[in-house]
Amino acid sequence: MAEKKRILIVGGVAGGASAATRARRMSETAEIIIFERGGEISSATCGFPYYIGGVIADRDHLFMQTPERIKKRYHLEVRTGTEVLKIARERKEILTRNLETGEEKTEHYDALILSPGAEPVRPEIPGIKSELVFTLRSAADTDRIKKFVDENKPAAAAVIGGGYIGLEMTEALVARQVKVTLLELSDQVMASLDPEMAEFLHQHLLAKGVNLRLKTSVKKLEPKDGRLKLLLSNGETMECDMVVLGIGVRPEVKLAKEAGLQIGETGGIAVNEEMRTSDPDIFAVGDAVEVAHLVGNFKALIPLAGPANRQARIAATNIFRPGSLTYKKTQGTAICKVFDLAAGGTGLNEKTLKRLKWPYEKIYIHAASHATYYPGSSPVRLKLLFDPKTGKIFGAQVVGAEGVDKRIDVLAVAIRAGLTVFDLEDLELCYAPPYGSAKDPVNYAGFAAANIIRGDMGVCHGEEILNLKPDQLILDVRTRFEVKAGAIPGSVSIPIDDLRSRLGELPKDKEILVHCASGLRSYLACRILSQNGFRCRNFSGGFTNYLAVTGNPPKI
């Protein structure tokens with residue numbers, strides 16, 4: 001008969017609950033106990049903003065399991081309202097405290113799984129401890145925010161931080177008829193995107209009535225007549241009824257650190273591919289752990305629910321079958337809803353590639369979400385980053401109103417499978433007019449990138465357009481009607497349909513940088529020019545990218 005194991009799990013949200021149920025599936029005889037500080041387990045934390053905003057009407061829908069249901073189905077013991085204070089590794093014990101009664105108790109373990117998650121960043125700003133300042137991490141935080149909005153009906157709010165939580169809470173509060181000022185210290189929201197891709201979100205936020213303040217932080221909060229007065233970094237002041245902090249999260253590693261477990265270079269708990277910590281009997285999963293990035297192979301903190309659940313399954317399995325499952329790194333695939341748009345990414349962004357000093361190339365595709373002759377199509381803005389020699393895919397970003405998740409998922413699988421841009425050309429993706437096009441934006445990305453590597457097309461980008469050299473000329477091949485609506489200063493206009501008959505107007509002693517609205521017509525123009533003895537390159541993304549780079553992209 002197999003040895004009966006006693007497994008203790010610290011934290012009962014995504015990682016902890018998943019580890020517990022997997023452990024039970026591995027062993028009917030194991031004694032499994034979950035310790036959770038809060039009053040709920042297995043909560044859908046990603047759904048909290050949508051409950052506050054009213055999209056999710058029933059609070060119970062936020063909880064995958066209740067302590068009662070999980071105990072009955074999986075024969076687990078769940079101790080909510082219980083904090084783990086200390087790990088005594090030499091005795092394989094933990095010290096717990098019942099937060100209601102204050103009773104402390106020692107518990108022995110054969111295997112311990114840590115899933116403490118991450119805690120919201122609360123900067124040391126005067127006034128930050130005001131009862132009108134909220135964070136969003138737990139069910140209790142969610143209830144507190146919703147109760148405040150329901151009862152006080154705030155007219156104005158400040159959301160500090162333009163990451164996932166900040167963006168989602170901005171939308172939630174606007175849905176509750178609250179005027180929102182979104183304050184972000186950097187020059188863009190959603191740092192996982194590159195700046196020109198984030199510009200589409202900036203314009204959309206402004207169109208939805210959000211007072212977007214980039215490169216702006218809060219220096220001080222002062223109570224004023226039941227409200228808060230904020231002193232901003234630029235010297236201005238503003239008043240609001242509530243503040244929501246969405247600055248980010250940091251791994252909660254206090255318990256692990258005090259137990260002498262190794263902490264990684266990024267501040268997360270160090271684990272191996274089996275999710276074991278520096279103590280072989282202690283595992284760690286979720287937002288608190290340091291992972292290796294799949295593409296860059298550097299250490300990173302990537303707090304995402306999908307990886308947390310997979311890590312939990314791996315850890316629980318390896319308690320019973322050591323080495324049978326391994327975690328194969330994280331690539332950071334994520335998506336965020338921002339009002340009517342979605343923005344997603346996978347792999348490395350351009351900012352990271354520059355930091356790593358890797359050689360790379362990029363292309364932009366501005367295509368339709370589905371066949372344009374079928375009603376309801378909308379633009380899909382796609383950026384692909386790849387190795388200019390081998391075609392290895394480094395990363396991708398997509399912004400649009402429809403079909404963003406589909407394209408990001410395809411590209412995420414391509415990266416995971418080690419496919420190249422040449423493989424994207426050959427991907428056979430489903431097509432019907434309501435859902436896509438015969439040549440999907442992902443295929444188009446493969447065509448454009450492969451053309452560059454094969455030498456069929458030279459490419460240039462916004463940086464060169466904005467810093468034109470004396471021996472270069474910008475050629476606009478859009479229609480006259482499009483040019484009238486806006487053009488790059490100093491560009492020469494020859495519509496693509498007139499180009500062959502007007503080649504004599506172009507100099508052969510200059511390099512011609514060609515653009516249209518998106519990059520397709522200018523690619524055709526480049527093929528004409530290059531075969532007629534002209535030096536030329538295509539401006540990837542065209543006038544749409546010019547507008548994004550200069551801070552005023554077209555609406556999606």
Verify, without hydrogens or angle tests, whether [X] (side chain) and [Y] (backbone) share a donor-acceptor contact under 3.5 angstrom.
{"X": "Thr277", "Y": "Ile282", "value": "yes"}
{"X": "Asn152", "Y": "Pro154", "value": "no"}
{"X": "Asn349", "Y": "Ser192", "value": "yes"}
{"X": "Glu104", "Y": "Arg97", "value": "no"}
{"X": "Asn318", "Y": "Ser324", "value": "yes"}
{"X": "Thr346", "Y": "Ala412", "value": "no"}
{"X": "Ser27", "Y": "Ala23", "value": "no"}
{"X": "Gln331", "Y": "Gly347", "value": "no"}
{"X": "Asn98", "Y": "Thr82", "value": "no"}
{"X": "Arg89", "Y": "Ala259", "value": "yes"}

Report yes if the side chains of [X] and [Y] come closer than 4.5 Å at any heavy-atom pair, otherwise no.
{"X": "Thr21", "Y": "Arg73", "answer": "no"}
{"X": "Val285", "Y": "Leu114", "answer": "no"}
{"X": "Glu93", "Y": "Glu107", "answer": "no"}
{"X": "Ile94", "Y": "Thr106", "answer": "no"}
{"X": "Leu76", "Y": "Ile33", "answer": "no"}
{"X": "Pro120", "Y": "Leu245", "answer": "no"}
{"X": "Lys219", "Y": "Leu232", "answer": "no"}
{"X": "Leu325", "Y": "Glu273", "answer": "no"}

Testing the basics here: between [X] and [Y], what is the closest heavy-atom pair and its distance to 0.1 Å?
{"X": "Leu228", "Y": "Ser130", "value": "CD2-OG, 3.8 Å"}
{"X": "Thr333", "Y": "Leu304", "value": "O-CD1, 3.6 Å"}
{"X": "Thr45", "Y": "Pro49", "value": "O-CD, 4.1 Å"}
{"X": "Val189", "Y": "Ala198", "value": "O-CB, 3.7 Å"}
{"X": "Gly246", "Y": "Ile165", "value": "CA-CG2, 4.4 Å"}
{"X": "Ala20", "Y": "Ile34", "value": "CB-CD1, 3.5 Å"}

Any side-chain donor near an acceptor of the partner, [X] and [Y], under 3.5 Å:
{"X": "Tyr360", "Y": "Glu350", "value": "yes"}
{"X": "Glu290", "Y": "Thr266", "value": "yes"}
{"X": "Glu184", "Y": "Ser186", "value": "yes"}

Atom [atom1] of [X]: over 12 foreign heavy atoms under 6.0 Å:
{"X": "Glu90", "atom1": "CD", "value": "yes"}
{"X": "His75", "atom1": "NE2", "value": "no"}
{"X": "Lys229", "atom1": "NZ", "value": "no"}
{"X": "Lys351", "atom1": "NZ", "value": "yes"}

Option passing side-chain contact (heavy atoms from CB on, under 4.5 Å) with Val180 (candidates Val159, Leu212, Val244):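 Testing each of Val159, Leu212, Val244 against Val180, the sole residue satisfying side-chain contact (heavy atoms from CB on, under 4.5 Å) is Val159.
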Candidates Thr80, Ile9, Leu8, Val78 - the one meeting side-chain contact (heavy atoms from CB on, under 4.5 Å) with Phe35: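 The passing option is Leu8.
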Once salt bridge (Lys or Arg N to Asp or Glu O under 4.0 Å) is applied, what residue pairs with a partner in [range] remain, sequence neighbours excluded?
{"range": "residues 20-35", "result": "Arg6-Glu31"}
{"range": "residues 113-141", "result": "Arg137-Glu252"}
{"range": "residues 320-346", "result": "Glu171-Lys337, Lys208-Asp340"}

Intermediate values then yes/no, side chain to side chain donor-acceptor pair (under 3.5 Å), Asp194 and Gln397: CA-CA 8 Å; Asp194 288 317; Gln397 298 158 45; 2.8 Å; yes
Look up atom [atom1] in [X] and atom [atom2] in [Y], then write down how far apart they are to the nearest 0.5 Å.
{"X": "Asn272", "Y": "Phe283", "atom1": "CG", "atom2": "CZ", "result": "8.0 Å"}
{"X": "Thr142", "Y": "Leu62", "atom1": "OG1", "atom2": "CG", "result": "7.0 Å"}
{"X": "Leu182", "Y": "Leu167", "atom1": "CG", "atom2": "CG", "result": "6.0 Å"}
{"X": "Met275", "Y": "Ile319", "atom1": "CE", "atom2": "CD1", "result": "12.0 Å"}

Side chain to side chain contact (heavy atoms under 4.5 Å, CB included) between Thr135 and Val121, intermediate numbers included: CA-CA 9 Å; Thr135 57; Val121 173; over 6 Å; no
Audit row: Ile314, Thr326, side chain to side chain contact (heavy atoms under 4.5 Å, CB included) steps and yes/no: CA-CA 6 Å; Ile314 290 165; Thr326 58; 5.7 Å; no
Hey, are [X] and [Y] close enough for a salt bridge, meaning a charged N less than 4.0 Å from a carboxylate O?
{"X": "Arg176", "Y": "Asp150", "result": "yes"}
{"X": "Lys105", "Y": "Glu103", "result": "no"}
{"X": "Arg227", "Y": "Asp241", "result": "yes"}
{"X": "Lys146", "Y": "Glu151", "result": "no"}

Test side chain to side chain donor-acceptor pair (under 3.5 Å) applied to Asn309 and Ser18, step by step: CA-CA 6 Å; Asn309 277 278; Ser18 293; 2.4 Å; yes
Verdict with reasoning, Leu85 to Leu255, per side chain to side chain contact (heavy atoms under 4.5 Å, CB included): CA-CA 7 Å; Leu85 303 175; Leu255 188 66; 5.9 Å; no
Salt bridge (charged side-chain N to carboxylate O under 4.0 Å, His left out) partner of Asp281, chosen from Lys5, Arg91, Arg276, Lys92: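 With Asp281 as partner, salt bridge (charged side-chain N to carboxylate O under 4.0 Å, His left out) holds for just one option, Lys92.
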Lys NZ or Arg CZ of Arg69 over Tyr74 ring: under 6.0 Å, within 45°: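 No cation-pi geometry.
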Within 45° cone of Phe386 ring axis and under 6.0 Å: Lys362 NZ or CZ: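 Lys362 over Phe386 ring: no.
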Chi angles and distances behind the side chain to side chain contact (heavy atoms under 4.5 Å, CB included) call for His202, Glu199: CA-CA 5 Å; His202 297 165; Glu199 276 298 332; 3.3 Å; yes
